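Down below is the structure, laid out as structure tokens.
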Amino acid sequence: MALKSVETPSLRAPGGTPDASERELLERIARSKDQAAFRTLYSSYYQRLSRLLSRMSVRREDIEEVINDTFWVVWTKAGEFRGASQLSTWIIGIAYRRALNALRRAKIRPVSDEPFDEDSISVMSTDAAETDGQWLAQGLARLPVEQRMALELTYTLGHSCEEVAAILDCPVNTVKTRLFRARETLKQVLPALAGMSGENS
Amino acid sequence: MSPRIPDTHAEAWAMLPWLANGRLEASDREWVEAHVAQCADCRGELEAQRKIATQIQRQASPNTGSEEQRSFNKLWARIEASEAATPAASAAVGGQPSRTSRTVRWLVAAVVVQGVGLALFGFNAMQNDSSRFVTVADAPTERLNAPAVRLVFAANASMADINTLLTHQGLSIVSGPGTSGNFTAELSVDAVASGASADSVAAVISKDPNVTFAQPVAR
């Protein structure tokens, strides 16, 4: 294909909160189909969506498709966003639902059935932080995708409980329950953490 | 209305992840922090959750630097192709021209001037020879199955640059601009006779600095 690069523009949205800046970009897309604004918005989400989707066990070859399907919606529906929620929850929510569809199409079970392999951890590294990271990676892989997403959205992307609920399209109490269960599961596979916390209620 | 003050251990326990990430609403943060201050179990759990948060953030992200541009190019080509396929619908949805760059305005102006010129020429010709009509419709029109390319010009491309580029490649613009500033240009009969194809021309002009997008049109 003879498409020439549309380089990442140096364009930076004007000040204000990240959401306000991103909303301004969206308005430019809705108002005048502004390609530079679209490129900037795409760039600001590409990395976090890639990470989120890989955490969902979306196949590498499907990640690009999910991201582009998401931004196809952003391009075509920009004028329909009414601002009832954060722009980030709208965009990430679209990506989440597209990813679930991709997982169903690929018949991927997003939860590992493999038994937890403690020996593989002990021989991987003697560095404490690195070992904790390896334990955590194995622990995360054992979580159902909904719990993994709740953790990722809370701890990596820093969303509030209400925002996570909006993205995952579920009640706030469901988010709390998913995180509660995820924490319990991780505690079983992270020995340092298991000893760190007291008995829960 | 006074805020609800839940003071149960279970409720505070459930809120700890958002105390750890700093996203608790002020009204909740107050009572959760008050509970944590006098609950050793919650303090231990808060410390554990902060450690998990740090570890999750440290987990390597996929390296997507080079993939992002390629991925965006694919999406943009899809948008261009869609809007070229349904220009009327896209225009109706967009409501306004998609691109207000100097280039697009010049090209629109050029088409208008060309039309007016041809109309005037037609009028004069009609005065001289009523059997011969030349109208706007005589402007370049699409030839059935003629090889064509879809292209978008750089925002800083001058009219002279564009004219030179089109002339050298034997191209004539037959439609555009689309909602994303895209034009369709056909290869002249002479260019085709000399061996040029939509693929070869698209490949050449895509390297031209005055062009940001070039793709053969499937016909």
Side-chain angles (χ1 to χ4, degrees), chain A residues 1-8 31-35 38-39 42-43 46-48 50-51 54-55 60 63-64 67-68 71-72 75-76 79 129 132-133 135-137 140 150-152 154-156 158-163 173 176-177 179-180 183 186-187 190 192-193 196-201, chain B residues 8-10 13-15 17-18 20-25 40-45 47-49 51-53 55-59 61-62 64 67-79 93-94 96-100 149 179-181 199 202-203 205-207 211-216:
Chain A
M1 184 173 64
L3 178 66
K4 205 177 167 198
S5 290
V6 181
E7 296 297 340
T8 306
R31 195 171 53 238
S32 56
K33 293 292 182 188
D34 187 324
Q35 183 187 357
F38 185 58
R39 181 71 182 91
Y42 185 91
S43 188
Y46 189 87
Q47 183 77 13
R48 31 183 163 158
S50 291
R51 176 182 168 126
S54 66
R55 278 273 198 244
R60 193 169 179 79
I63 287 178
E64 176 184 288
I67 292 175
N68 283 359
F71 270 83
W72 172 267
W75 177 260
T76 55
D132 283 348
W135 278 100
L136 184 63
L140 288 172
L151 262 182
E152 188 77 21
T154 301
Y155 287 152
T156 304
H159 285 288
S160 69
C161 184
E162 292 74 16
E163 289 166 356
N173 279 339
K176 291 178 184 172
T177 302
L179 262 189
F180 179 87
R183 288 154 62 189
L186 288 182
K187 226 173 284 176
L190 296 172
L193 292 177
M196 182 180 293
S197 177
E199 293 301 313
N200 64 26
S201 56
Chain B
T8 67
H9 175 71
W13 186 272
M15 303 287 250
W18 294 282
N21 81 352
R23 291 300 311 278
L24 265 190
E25 291 291 331
D41 285 352
C42 280
R43 282 199 302 278
E45 174 69 1
E47 189 182 348
Q49 291 309 308
K51 187 170 182 182
I52 287 180
Q55 285 294 344
I56 287 180
Q57 288 161 11
R58 277 186 191 158
Q59 300 266 311
S61 293
T64 56
E67 293 171 10
E68 182 189 323
Q69 183 66 53
R70 183 180 53 77
S71 179
F72 182 80
N73 288 348
K74 284 176 73 172
L75 173 59
W76 193 250
R78 178 179 163 192
I79 289 171
V93 170
Q96 295 182 37
S98 65
R99 193 169 169 175
T100 54
V149 292
T179 54
S180 297
D199 285 334
I205 63 175
S206 68
K207 296 186 178 67
V211 174
T212 59
F213 172 85
Q215 188 180 45

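Residue numbers begin at 1 in each chain, while the letters A, B, ... track the order of the sequences. Computed from a predicted model, the values in this text were never measured in an experiment.
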(message) Regarding Y155(A) and Q49(B), do their side chains bring together a donor and an acceptor under 3.5 Å, going by distance alone?
(response) yes
(request) Indicate the atoms forming the closest heavy-atom contact of T156(A) with Q57(B), along with that distance. (result) CA-CG, 4.2 Å
(request) List the steps, then state whether side chain to side chain contact (heavy atoms under 4.5 Å, CB included) holds for W18(B) with K176(A). (result) CA-CA 10 Å; W18(B) 294 282; K176(A) 291 178 184 172; 4.1 Å; yes
(message) Quick one, F71(A) and W76(B) - any side-chain contact, counting heavy atoms below 4.5 Å?
(response) no
(message) Test your reading of the model: is there a side-chain donor-acceptor pair from R23(B) to the backbone of G158(A), 3.5 Å cut-off?
(response) yes
(request) Identify which part of R78(B) has an atom lying under 4.5 Å from any heavy atom of chain A, answering side chain, backbone, both or neither. (result) both
(message) Is L140(A) in contact with chain B via its backbone, its side chain, both, or neither, using a 4.5 Å heavy-atom distance?
(response) side chain
(request) Report yes if the side chains of R183(A) and P17(B) come closer than 4.5 Å at any heavy-atom pair, otherwise no. (result) yes
(request) Working to the nearest 0.5 Å, report the span between OG1 of T212(B) and CD of Q35(A). (result) 6.5 Å
(message) Restricting to non-hydrogen atoms, name the atom on R55(A) and the atom on I56(B) that form the minimum distance, rounded to 0.1 Å.
(response) NH2-O, 3.9 Å
(request) Look at E68(B) together with R39(A) and state whether they make a salt bridge at an N to O cut-off of under 4.0 Å. (result) yes
(message) Can you classify the ring geometry of F72(B) versus F38(A) as parallel (below 30°), tilted (30 to 60°) or perpendicular (above 60°)?
(response) tilted
(message) Which heavy atom of L186(A) sits nearest to which heavy atom of I52(B), and what is that distance?
(response) CD1-CD1, 3.9 Å
